Amino acid sequence: MLRDLIVRTRSIRRFHEEAPVDRETLRELVDLARHSASGANIQPLRYILICDPERNARIFPLLSWAGYLKEWPGPVEGERPSAYIVILGDKRLRQSFDVDHGIASQSILLGATERGLGGCIIATIQRREMRAMLGLEEHYEILLVLAIGKPKEQVVLEPVGPDGDIKYWRDAEQVHHVPKRSLDDLIIG
Ligand SMILES: Cc1cc2nc3c(=O)[nH]c(=O)nc-3n(C[C@H](O)[C@H](O)[C@H](O)COP(=O)(O)O)c2cc1C
């Protein structure tokens, strides 16, 4: 079951924008992150929950989508995320946040999948503009944004081919294909 949940937890970038994701759902997802591992148990991550159309519209242009899909500028209106979780690090507690935000992100996205939602980790962020938009105090560092919503795209995993290309692609039906390396390629000893 866990394997199935992990395999189904793909990066989703097109959504049924009309399907709302409420703040309580986002709180439940962050509660999964709260129970996850943290280096030295410092727990320096902080979260901002966004699920209203006005702030959704302001945060969307500050994010970069699917860098390998050069022709695709990101989801069109109507297919954009219904919610976002901004993951911050509190620099008063730590200067570097190690892998805490990666672990937190995966916990949140697994929980999203379990609820019939989907999402995408976004690290390519216009941080200066987002800091201003959120009115963040100096001691918060913007680490990641998680886009969340009801999935509107199909994602298929593929083996990496002999050319070794790991770039994802979309086919004529707009199905998103993601190459994954084989287990034997990963385990080297
Ligand atoms: C640290 C990290 C940063 C990422 N940043 C972005 C991003 O800025 N924009 C984006 O569209 N996807 C981003 N992704 C999603 C990856 O592109 C995605 O994980 C990869 O294509 C594999 O697809 P999968 O998640 O379905 O396995 C990021 C993923 C990770 C782990």
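This is a predicted model, so every value here is computed, not measured. Both counts, for ligands and for their atoms, begin at 1 and track the order of listing.
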Original post:
Does the side chain of Gln43 pick up a donor-acceptor pair with the side chain of Asn41 at under 3.5 Å?
Top reply: yes
Residue shell for ligand 1, any heavy atom closer than 4.0 Å, reads Arg10, Ser11, Arg13, Ser64, Trp65, Ala66, Cys120, Ile121, Ile122, Ala123, Thr124, Tyr168, Val178, Lys180
Residue pairs meeting salt bridge (Lys or Arg N to Asp or Glu O under 4.0 Å), one or both in residues 36-47, sequence neighbours left out, come to none
The complete set of salt bridge (Lys or Arg N to Asp or Glu O under 4.0 Å) pairs with one or both residues in residues 114-125, sequence neighbours excluded, reads Glu28-Arg115
Query - Linked, directly or transitively: Val145 and Phe60 (ILVMFWY side chains, under 4.5 Å) - result: yes
Sequence neighbours excluded, the answer for ring pair (Phe, Tyr, Trp, His ring centres under 6.0 Å) partners of His139 is none
> Between Arg34 (side chain) and Ala104 (backbone), is there a donor-acceptor pair under 3.5 Å?
Replying inline: no
